[in-house]
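This is the structure, below, for whatever I ask next.
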Amino acid sequence: MADCSKIRKFDSPADYTKRFIIREEIDKYLPNGRHFIDEARINSLIETIDNTPCDPIKVREIIAKSESTCETLLPEETAVLMQVTDPELFEEMRAAADRIKHKVYDNRIVVFAPLYMSNLCVNGCRYCGFREGNSEQRRRVLTMDELKEELDVLAGRIGHKRLIAVYGEHPSTSTEYIAETIETCYSRYVPSVRSGFKNSIRRVNVNAAPLPIEDLRVLRSVGIGTFQVFQETYNRKLYEQMHPSWSVKGDYDWRVTSFHRCLEAGVDDVGLGVLYGLCDWRFELLATIMHARDLERWFNIGPHTLSFPRLEPASGTNVPEQSPWLIDDDTFARILVIARLSVPYTGMIVTARESAESRNRVLNHGMTQLDCSSNIAIKGYSDFADESHQEKQRQQFMLGDNRSLDQMVRYLASRSTITSFCTAGYRCGRTGGCIMDALKTGREGKFCKINAVLTFREWLDDFASDETRTIGEKLIADELEGIRHWLPKFYPTVLKQYEATSRGERDLFF
Ligand code: SAM
Ligand code: SF4
């Protein structure tokens with residue numbers, strides 16, 4: 001059980017809203033009032049993008065720098081990439097983004113499922129179905145028994161090993177609750193539907209509101225994976241329009257310093273994101289680079305992942321339909337390529353908010369992670385027999401890609417891409433600064449290749465349909481051949497582990 005004795009308790013939503021933010025934990029990372037999100041510099045870069053012609057020589061130099069160093073670009077360099085409109089030059093950028101993705105992550109795509117724990121919220125975000133006062137939303141917080149029912153479907157029927165657990169911001173889902181849900185996830189072992197071998201969730205990432213340092217230490221102690229907090233928009237004025245000043249979330253600086261606190265607390269896999277569609281995407285991406293660079297400057301650790309949620313229709317609000325900054329699929333594809341070149345080592349997540357066509361299209365634009373068999377209704381996995389069933393009143397927004405995990409594994413395999421269920425990294429201490437170096441040099445890719453094959457073997461035996469298994473077997477044979485060729489020293493051990501996995505041993509990793 002997590003030790004929560006040092007964290008503060010709140011009597012009511014009003015008490016929470018009044019007292020939650022700790023001012024000193026913000027000020028520390030904004031020394032002398034200097035802000036790492038430099039809006040004047042961003043606006044001047046956007047003016048330059050709009051008013052100067054694209055220089056292909058400069059663009060190619062920046063592509064080459066990104067590919068060879070794998071270091072985060074300067075905002076000025078990212079701005080140069082944003083000037084590209086010529087389709088052929090963009091294709092050069094896309095191809096480089098794909099090469100970098102392969103250098104760092106090889107032909108792997110990591111899969112996960114969202115698990116919504118609650119939709120109670122003290123905030124009033126104008127675009128979100130969960131916001132306080134939205135009477136169209138039916139509210140609930142999962143009990144631990146209900147959570148176990150959800151896990152039985154996720155780990156026993158679908159075969160997920162990674163979750164992103166999502167929480168509204170409310171005293172009923174305090175840090176103590178979050179810690180208990182994480183512990184419950186890790187301790188639930190469920191027989192898998194095809195083989196009967198026990199499966200469990202091995203990595204729980206969290207998407208929740210910013211927390212103070214003591215609370216983050218508690219989450220670290222229970223083995224949190226990545227802590228995700230989306231900034232929504234880095235544009236302060238727009239941020240204030242979307243998030244009322246009476247709400248906790250109305251404090252821009254509390255949110256934008258949340259990862260500084262994470263890294264100080266030792267939660268060193270942090271996931272950045274912006275809600276694309278609220279503001280000019282160029283502003284958001286340039287600010288993201290500034291954010292990443294400030295984390296690197298303080299802690300030598302950058303974002304473990306970047307997420308690219310787009311505004312989607314939600315209950316009780318028309319902001320998602322009416323925002324003047326909504327982006328189309330072409331722009332979305334551009335954002336991904338520029339992001340991959342700008343933060344070459346980071347994981348890039350594209351969620352099932354996107355349509356299947358959009359996700360298929362951007363698979364070779366630098367992305368590394370996607371969710372599938374997703375249900376974002378509270379208790380949706382165990383209440384609905386049909387995985388793709390959605391109910392607007394029980395969920396935050398509507399999903400665009402309803403493919404099952406089995407369908408996705410099969411589709412990825414048809415594109416010679418291996419679905420990775422590997423969660424070894426953080427369990428072997430390969431997190432934060434340690435994993436940053438391994439990623440930039442391509443070393444992590446090698447361990448992950450082996451772990452991807454072992455976990456893929458597990459998944460095919462435990463969950464795959466016959467059709468998926470057939471195509472998966474062929475992919476595994478190719479991958480083993482690749483390991484024999486590229487990693488001859490490891491090959492005999494890999495083979496032993498592989499055979500043990502085929503006999504039913506589980507969770508073997510390098
Ligand atoms: N309550 C926490 C918070 O806001 O930080 C975390 C959970 S919140 C449910 C997760 C994310 O959902 C938000 O950060 C926001 O980016 C995203 N979101 C909210 N409304 C959305 C919408 N209409 N379309 C797409 N994403 C949305
Ligand atoms: Fe609450 Fe998060 Fe939705 Fe805002 S985005 S209303 S904080 S759940």
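Note that ligands are numbered from 1 as they come in the structure, with each ligand's atoms numbered from 1 the same way. Nothing here was measured: the structure is a model prediction, and the numbers come from that model. Note: hydrogens, waters and symmetry copies are ignored here, and every other heavy atom, side chains too, is used.
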Inset, instruction - Take the angle between the ring planes of F332 and F308 and call it parallel below 30°, perpendicular above 60°, tilted in between. - result: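 Geometry flag for F308 against F332: perpendicular rings.
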- Query: Which residue owns the protein heavy atom closest to atom 26 (N) of ligand 1, what's the atom, and how far is it?
  - Reply: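 For this ligand atom, the closest protein heavy atom is R353 NE, 3.2 Å.
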Exercise for review: Give the residue, atom name and distance (to 0.1 Å) of the protein heavy atom nearest atom 3 (C) of ligand 1.
Suggested key: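 Looking only at protein heavy atoms, the one closest to atom 3 (C) of ligand 1 is R255 NH2, 3.5 Å.
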| task | Take Y177 and H170 through the test ring-ring contact (aromatic ring centres under 6.0 Å, His included) and record every step on the way to the result. | result | CA-CA 11 Å; Y177 173 83; H170 196 270; over 10 Å; no
**Prompt:** Please state which protein non-hydrogen atom is closest to atom 20 (N) of ligand 1 and give its distance, to 0.1 Å?
**Reply:**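 Nearest neighbour among protein heavy atoms for atom 20 (N) of ligand 1, to 0.1 Å: Y127 CD1, 3.3 Å.
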Exercise for review: Taking side chain to side chain donor-acceptor pair (under 3.5 Å) as the test, write out the residues that go with Y16, two or more places apart.
Suggested key: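 If we apply the side chain to side chain donor-acceptor pair (under 3.5 Å) test to Y16, skipping adjacent residues, the hits are E169.
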key: Enumerated ligand 1 atoms positioned under 4.0 Å from heavy atoms of R310   =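 Atoms satisfying the 4.0 Å criterion: 24 (N), 25 (C).
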List in chain and number order the residues that pass salt bridge (charged side-chain N to carboxylate O under 4.0 Å, His left out) with E176, two or more places apart in sequence or in another chain; answer none if no residue qualifies.
->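 Testing E176 for salt bridge (charged side-chain N to carboxylate O under 4.0 Å, His left out), a comparison that skips the adjacent residues, returns K9.
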* Considering heavy atoms of the protein only, find what lies nearest to atom 24 (N) of ligand 1 and give residue, atom and distance to 0.1 Å. =>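 So the nearest neighbour among protein heavy atoms is E312 N, 2.9 Å.
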Inset, instruction - Would you mind listing which atoms of ligand 1 come within a distance below 4.0 Å of any non-hydrogen atom of Y167? - result: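 Answer, ordered by atom number: 1 (N), 2 (C), 6 (C), 7 (C).
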_Under 4.0 Å, counting heavy atoms only: does P309 come that close to any atom of ligand 1?_
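No, P309 has no heavy atoms under 4.0 Å from ligand 1.
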*asked:* Parallel, tilted or perpendicular, judged at 30° and 60°: which one describes the rings of H365 and F90?
replied: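 Ring orientation, 0 to 90° scale: tilted.
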So which heavy atom in the protein is nearest atom 19 (C) of ligand 1, and how far is it from that ligand atom?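 Result: Q396 NE2, 2.9 Å.
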### Task
Check ligand 1 against V166 and write out every atom of the ligand that is under 4.0 Å from a heavy-atom position of the residue.
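In order of numbering, the contacting atoms are 7 (C), 9 (C).
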Quick check: H160 with F421 (ring centres under 6.0 Å apart)?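 Distance test on ring centres: not under 6.0 Å, no.
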Ring centroid separation for Y127 and H243, is it under 6.0 angstrom?
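Judged by ring-centre distance (under 6.0 Å), Y127 and H243 do meet the cut-off.
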**Q.** Nearest neighbour in protein (non-hydrogen) for atom 21 (C) of ligand 1
**A.**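 The closest heavy atom on the protein side is F397 CD2, 3.8 Å.
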Quiz item: What protein heavy atom sits nearest atom 6 (C) of ligand 1, and how far away is it?
Solution: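 Nearest neighbour among protein heavy atoms for atom 6 (C) of ligand 1, to 0.1 Å: N207 OD1, 3.0 Å.
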Worksheet item: Which atoms of ligand 1 sit under 4.0 Å from any heavy atom of A208?
Response: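 Contacts of ligand 1 toward A208, numbered from 1: 2 (C), 5 (O), 6 (C).
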Among protein heavy atoms, which sits nearest to atom 16 (O) of ligand 1, and what does the distance come to when rounded to 0.1 Å?
->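 Its nearest protein heavy-atom neighbour is E232 OE1, 2.5 Å.
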Tell me whether the NZ or CZ atom of R23 lies within the 45° cone about the ring axis of W254 and under 6.0 Å from its centre.
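Output no; distance or angle outside limits.
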Is R403 close enough and on-axis enough to Y411, meaning under 6.0 Å and within 45°, for cation-pi?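 Yes, R403 sits over the ring of Y411.
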Got a sec: does the CD of E47 have more than 12 other heavy atoms crowding it under 6.0 Å?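 It does not: E47 CD has 12 such atoms or fewer within range.
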Exercise for review: Using salt bridge (charged side-chain N to carboxylate O under 4.0 Å, His left out) as the criterion, list what pairs up with R220, not counting sequence neighbours.
Suggested key: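 R220: no salt bridge (charged side-chain N to carboxylate O under 4.0 Å, His left out) contacts found.
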Can you see whether Y276 has R310 sitting over its ring - NZ or CZ less than 6.0 Å from the centre and within 45° of the normal?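 That pair does not qualify as a cation-pi contact.
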Walk me through it: do D268 and H304 pass the test side chain to side chain donor-acceptor pair (under 3.5 Å)? CA-CA 8 Å; D268 53 9; H304 186 69; over 6 Å; no
Counting each atom of ligand 1 from 1 as listed, which ones have a heavy atom of L311 under 4.0 Å away?
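Within the 4.0 Å cut-off of L311, ligand 1 contributes 24 (N).
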Below 2.8 Å, which protein N, O or S atoms neighbour atom 1 (Fe) of ligand 2, ignoring water?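 Under 2.8 Å from atom 1 (Fe) of ligand 2 - ignoring waters, which are not counted - the protein N, O or S atoms are C121 SG.
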